[in-house]
Each structure stands twice: as C-alpha cells, then as structure tokens.
Amino acid sequence: MTPKKCPESQKSPDVALLLKSKSRRSPQELEPEAKKLRAQGPVSSRKCQSCCLLAELSSLQIPPRSSSIIRDLYQHKLGKANWPSLQQGLQKSFLHSLASYRVFQKAAPFDRRTTSLAWHPTHPSTLAVGSKGGDIMIWNFGIKDKPIFIKGIGAGGSITGLKFSHLNSNQFFASSMEGTTRLQDFKGNTLRVYTSSNSCKVWFCSLDVSAKSQMVVTGDNVGHVILLHTDGKQLWNLRLHKKKVAHVALNPCCDWLLATASVDQTVKIWDLRQIKGKTSFLYSLPHRHAVNAACFSPDGARLLTTDQNNEIRVYSASQWDSPLSLISHPHRHFQHLTPIKATWHPRHNLIVVGRYPDPNLKSCVPYELRTIDVFDGSLGKMMCQLYDPGYSGITSLNEFNPMGDTLASAMGYHILIWRQEEARS
C-alpha cells in the first residue's frame with residue numbers, strides 16, 4: 001500500500017529537529033525563509049524528507065529586539081516591569097534556546113530497560129539511573145571518568161524510585177521490586193533498610209524524601225503508604241489506596257503535604273500531621289484512568305498528574321479539587337514500556353513529557369514522531385517539541401537538572417543527555 005502523504009493543511013507545534021547534515025546558519029539568515037514557511041505550517045512526517053528544513057525554520061521564533069532579557073532586567077530594576085512579566089520574558093528566552101538543544105551524550109549500560117532516574121541536587125552534571133534488572137548507574141557526564149555501576153539482582157529487582165541524599169552527597173535512596181526501600185552509598189553498600197516486605201508478592205513502587213523534616217515516604221503495590229524517619233523509625237504504615245501506589249510526592253514548600261497517585265484511578269492529597277486512615281485525606285482527585293504520577297511544582301502551588309492513557313492534568317492550590325487545565329496527550333500504558341511520567345521544569349512554568357503516538361486518537365497524524373513535548377504549565381499549550389532522528393524511540397522519563405539547562409531522557413536501554421548546542425564544551 002502506498003504510504004499516505006502528510007496533509008499540507010495539518011498544523012502542528014514547533015519541532016526542534018536535529019539536522020546534523022545541515023550547516024548551521026544564524027537566526028538572522030533564517031528569518032526571511034522562516035517567515036515564508038510558517039505560513040504553510042510545519043510538517044511532522046518522517047517520510048517527507050523535504051519538509052525537514054521547513055520544520056527547522058518554522059521552529060525558530062525570532063524575538064523582537066525590544067524583548068531583550070537585559071532590557072527587561074533593567075526595566076525591572078527601575079520598577080517599570082513587574083516580576084511576572086520578567087518571568088515570562090525569561091521563559092520565552094528559554095523556549096527560544098530549546099530550538100538548538102541536541103543529544104550531546106548518551107549511555108546504554110543496562111541489559112534491561114531504564115525504569116528510574118534522578119538528578120543530584122548539588123552536582124548539575126550527575127544523575128542516578130536505575131534499570132528493570134536492579135542495576136544502578138551513577139553518571140557524572142561532565143568528566144571522562146567511568147561511571148559508577150552497581151550490579152542488581154536481575155529479574156525481579158526493578159528500581160522503581162531514586163533520590164539522592166541531601167545530607168550526604170555520596171548516598172542515595174532507592175525503592176525496588178526486590179521488596180525494599182533502602183539507603184545506599186556509591187560503592188553499593190546498603191547502609192539502612194527502611195522497609196522490607198519479605199514477600200515476592202509485595203514490592204515498593206515509589207519513594208520521596210524530605211531533608212528538612214528528615215522523613216522518608218514510600219508506597220507499595222497493594223495500596224500501603226509508609227512514613228519513616230531517616231533514622232529508620234517507622235511512624236505509620238497505612239493502606240491509603242485500594243490498589244498499587246504508583247507515585248508519592250512531598251510538597252517542596254510544605255513537606256507535611258503529601259500527594260499519592262494510584263492505579264485505582266485517584267490522586268489523594270494528605271496532611272501528614274493528621275493522617276488517621278484511608279478516609280482522612282484532604283482531597284481526592286478522581287481520574288478516568290489509572291495514574292502514573294503526581295508531582296508538585298517547584299513552588300509547591302500546583303500539582304501535575306499523568307494518567308495511563310491520554311490525559312495530563314494541572315491542579316492549583318487555590319482549588320485542589322478542580323483541575324486548572326486538562327491536556328490531551330498520547331502516552332498510553334504498555335506492559336513492556338516504562339510508564340510515561342510528566343515532570344516540571346525546575347525554573348520555568350513548563351511541563352516536559354514523552355509522546356507515544358496513538359492511532360486511535362483523532363489528533364494523531366500519519367507518521368507522527370515520538371517527540372519530547374514541552375507545554376506551558378498555565379495555558380496547557382504546546383510550546384516546543386524535541387526530536388533526534390538518531391534516537392526515535394519512546395522517551396518514558398524526561399527530567400531537567402536543578403539548573404534547568406540540561407535534560408536527561410530514558411529511552412528503553414538508553415539514557416540521553418540533551419543540552420543547548422552552544423553550551424557544549
């Protein structure tokens with residue numbers, strides 16, 4: 001059957017295509033062509049090779065000269081520009097820079113797919129990555145030294161959650177299908193076991209840690225949530241959901257506020273100071289499908305949820321029980337795929353999530369790319385898409401480092417590091 005052509009009338013968001021064969025030209029040289037081509041709309045088909053340049057040009061939004069960040073900062077210093085408008089200017093500048101983001105480093109250290117990743121809080125080029133076989137890699141891609149590799153148990157040892165310790169930069173917390181939540185050092189030594197199920201039928205699916213309150217919280221596959229002190233003392237163990245707790249998150253500004261996401265199709269918000277049982281939640285947020293993740297924004301004022309089908313939601317602290325925005329986005333669940341989870345950018349009001357095109361959705365177009373999508377956190381509008389033809393798989397996990405200038409992606413066996421091309425050393 002002859003492949004369908006991409007409809008010329010199809011409008012799609014800007015795509016930062018990585019055209020390594022094209023010589024780089026300055027935005028000033030591309031601007032006249034970009035203005036002409038934007039009227040036609042970018043084409044997202046991988047089959048239409050002649051459309052690659054169109055997409056590259058149309059993705060370059062040339063800001064007006066008056067939107068200079070230096071000028072905005074100066075106006076703010078003079079009291080002529082308020083903080084929200086300055087933030088918008090900074091965000092617009094960052095989105096402009098995403099057009100030049102490229103995969104500049106990669107690794108494939110595991111014999112099973114990647115299941116978890118976490119950035120170091122104080123070393124912006126260091127991250128921890130876990131695999132379905134229980135292997136963990138500590139990778140500082142900023143140096144040429146060989147990454148630290150901690151061997152797992154193999155089948156049944158999947159790493160479900162990772163967090164670096166804020167108290168010791170050479171230690172990290174991990175939850176796993178092995179049935180434990182534990183503290184380890186970079187040599188692979190287990191320093192403390194916080195939870196152990198002692199059963200192959202019960203395992204831990206997620207964890208979070210508060211350095212300020214010295215608390216560890218973890219959830220298991222049968223609906224229990226366990227709160228512990230970092231010294232190992234268990235504070236409580238309660239069944240808060242009917243089914244697996246896929247994700248737990250402590251509010252970064254009010255660490256007594258806990259969000260739990262479950263495959264029972266609910267996200268619940270709790271006050272840790274008042275939990276007495278499964279009915280003592282502050283808010284219950286019903287979803288149409290099982291939920292993979294619930295993440296608080298860096299300022300703690302919003303909550304981002306990702307279901308197992310095609311919906312991303314943003315809730316606001318001003319009204320937790322009603323979503324601020326609903327974003328239609330294809331990321332359906334598949335047994336042999338690490339669940340896709342949307343995350344916040346640490347410094348801008350932006351959402352980052354991998355795309356898994358679904359032909360059953362009306363919005364799907366022929367030859368739709370498996371991009372990394374960036375949305376405005378307030379408007380729910382697509383702002384940019386990242387794509388590298390050399391790595392066209394589904395990126396289940398995508399997370400920016402604390403500085404907000406480097407993106408780590410988990411794509412099957414591969415870990416990809418994205419960075420603005422001009423920033424390469």
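None of the values given here were measured: they were computed from a predicted structure.
For the 3.5 Å distance criterion, the side chains of Asn310 and His289 fail to qualify, holding no donor opposite an acceptor. A side-chain donor-acceptor contact under 3.5 Å links Arg182 and Ser176. Between the side chains of Ser280 and Trp270, no donor-acceptor pair of N or O atoms lies under 3.5 Å. Residues Thr266 and His287 bring no donor and acceptor atom of their side chains to less than 3.5 Å of each other. A donor-acceptor contact closer than 3.5 angstrom is absent between the side chains of Gln171 and Asp185. Defined by atom type and a distance below 3.5 Å, a donor-acceptor pair is missing between the side-chain atoms of Ser316 and Arg302.
Between the side chain of Ser100 and the main chain of Ser97, a donor-acceptor pair closer than 3.5 Å is present. Although no hydrogens or angles enter the test, the distance criterion places no donor-acceptor pair under 3.5 Å between the side chain of Trp203 and the main chain of Asp220. A donor-acceptor contact shorter than 3.5 Å links the side chain of Asn401 to the backbone of Thr406. Checked by atom type and distance alone, the side chain of Asn251 never pairs as donor or acceptor with a backbone atom of Leu257 at under 3.5 Å. Listed for the Tyr101 side chain is a donor-acceptor partner under 3.5 Å among the backbone atoms of Asp405. Using modelled atom types, one side-chain atom of Ser197 and one backbone atom of Val202 make a donor-acceptor pair closer than 3.5 Å. His120 contributes a side-chain N or O that, together with a main-chain N or O of Ser169, makes up a donor-acceptor pair within less than 3.5 Å. A distance-only check finds no donor-acceptor pair linking the side chain of His241 to the backbone of Arg239 [under 3.5 Å]. Remark: the backbone N or O of Phe141 is paired with a side-chain donor or acceptor of Gln105 at under 3.5 angstrom. Looking at Arg347, its side chain never comes within 3.5 Å of a backbone N or O of Pro298 through a donor-acceptor pair.
Between Ile394 and Phe334 the shortest side-chain heavy-atom distance does not fall below 4.5 Å. Within the 4.5 Å cutoff, side-chain heavy atoms of Cys205 are placed close to those of Lys244. Counting only heavy atoms from C-beta outward, the side chains of Phe281 and Thr260 never approach each other to under 4.5 Å. Side-chain contact between Asp376 and Gln91 is present, with heavy atoms from C-beta onward closer than 4.5 Å. His414 places none of its side-chain heavy atoms less than 4.5 Å from the side chain of Thr114. Ser262 places none of its side-chain heavy atoms less than 4.5 Å from the side chain of Lys242. In this structure, the side chains of Cys364 and Asp358 stay at 4.5 Å or more apart for every pair of heavy atoms. Between Val225 and Thr218 the shortest side-chain heavy-atom distance does not fall below 4.5 Å.
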Stepwise side chain to side chain donor-acceptor pair (under 3.5 Å) test for Ser175 and Thr160:
CA-CA 6 Å; Ser175 59; Thr160 57; 2.8 Å; yes

Run His345 and Phe400 through ring-ring contact (aromatic ring centres under 6.0 Å, His included) and show every step you take.
CA-CA 6 Å; His345 188 278; Phe400 276 92; 4.6 Å; yes

Pair Arg113-Thr338, side chain to side chain donor-acceptor pair (under 3.5 Å): steps then yes or no
CA-CA 8 Å; Arg113 59 183 163 88; Thr338 298; 2.9 Å; yes

Derivation of the side chain to side chain donor-acceptor pair (under 3.5 Å) call for Asp208 and His247
CA-CA 9 Å; Asp208 201 2; His247 198 261; over 6 Å; no

Please determine whether salt bridge (charged side-chain N to carboxylate O under 4.0 Å, His left out) holds for the pair Arg355 and Asp373, giving the CA-CA distance in whole Å, both sets of side-chain angles, and the decisive distance to 0.1 Å.
CA-CA 7 Å; Arg355 174 177 290 261; Asp373 301 339; 2.8 Å; yes

Please evaluate residues Thr181 and Thr195 with respect to the criterion side chain to side chain donor-acceptor pair (under 3.5 Å), reporting the C-alpha separation (whole Å), side-chain torsions for both, the decisive distance (0.1 Å), and the verdict.
CA-CA 5 Å; Thr181 302; Thr195 59; 2.9 Å; yes

Evaluate the salt bridge (charged side-chain N to carboxylate O under 4.0 Å, His left out) criterion for residues Lys341 and Glu399: first the C-alpha distance (whole Å), next the side-chain angles of each, then the deciding distance (0.1 Å), finally the verdict.
CA-CA 10 Å; Lys341 299 178 181 181; Glu399 191 168 336; over 6 Å; no

When you look at Leu386 and Trp418, which way does the side chain to side chain contact (heavy atoms under 4.5 Å, CB included) test go after all the steps?
CA-CA 9 Å; Leu386 300 179; Trp418 301 72; 3.9 Å; yes

Decide yes or no on side chain to side chain contact (heavy atoms under 4.5 Å, CB included) for Glu311 and Arg288, but give the supporting numbers first.
CA-CA 9 Å; Glu311 192 173 74; Arg288 287 190 280 264; 2.3 Å; yes

I would like to know whether Asn237 and His224 meet side chain to side chain contact (heavy atoms under 4.5 Å, CB included); could you show each step before the answer?
CA-CA 7 Å; Asn237 180 348; His224 288 87; 3.4 Å; yes

Apply side chain to side chain contact (heavy atoms under 4.5 Å, CB included) to the pair Tyr391 and Val103, showing each step before the final yes or no.
CA-CA 9 Å; Tyr391 302 95; Val103 173; 4.1 Å; yes

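Here Asp255 does not pair with Lys212 in a salt bridge; the nearest charged N to carboxylate O distance is not below 4.0 Å.
What you find for Ser116 and Leu162 is that their closest heavy atoms are OG-N, 3.5 Å. The minimum heavy-atom distance linking Pro339 with Leu397 is given by the pair O-CD2, 3.9 Å. For Ser196 against Phe204, the heavy-atom pair with the smallest separation is N-CE1, 4.3 Å. Taking each heavy atom of Met137 and Pro109 in turn, the nearest pair found is SD-CG, 3.5 Å. The minimum heavy-atom distance between Gly354 and Ile340, with the atom names listed, is O-CG2, 3.6 Å. Residues Ile372 and Ser409 come closest through the heavy atom pair CD1-OG, 3.4 Å.
Atom OG1 of residue Thr343 and atom CG of residue Asn398 lie 6.5 Å apart, to the nearest 0.5 angstrom. In this structure, CD1 on Ile136 lies 9.5 Å from CZ on Phe149, to the nearest 0.5 angstrom. Here the CD1-CG distance, from Ile153 to Asp135, works out to 10.0 Å after rounding to the nearest 0.5 Å. We find the CG-SG distance between Leu303 and Cys295 to be 7.5 Å, quoted to the nearest 0.5 Å. In this structure, CG on Asn140 lies 3.5 Å from OG1 on Thr126, to the nearest 0.5 angstrom. For the atom pair Leu272 CG and Ser210 OG, the distance stands at 9.0 Å (nearest 0.5 Å).
Separation of the Phe94 and His96 ring centroids does not fall under the 6.0 Å cut-off.
Tyr194 and Phe173 have tilted rings, their planes meeting at an angle from 30° to 60° on a 0 to 90° scale. Ring orientation note: the planes of Phe172 and Phe164 are nearly perpendicular, at an angle over 60° on the 30°/60° scale.
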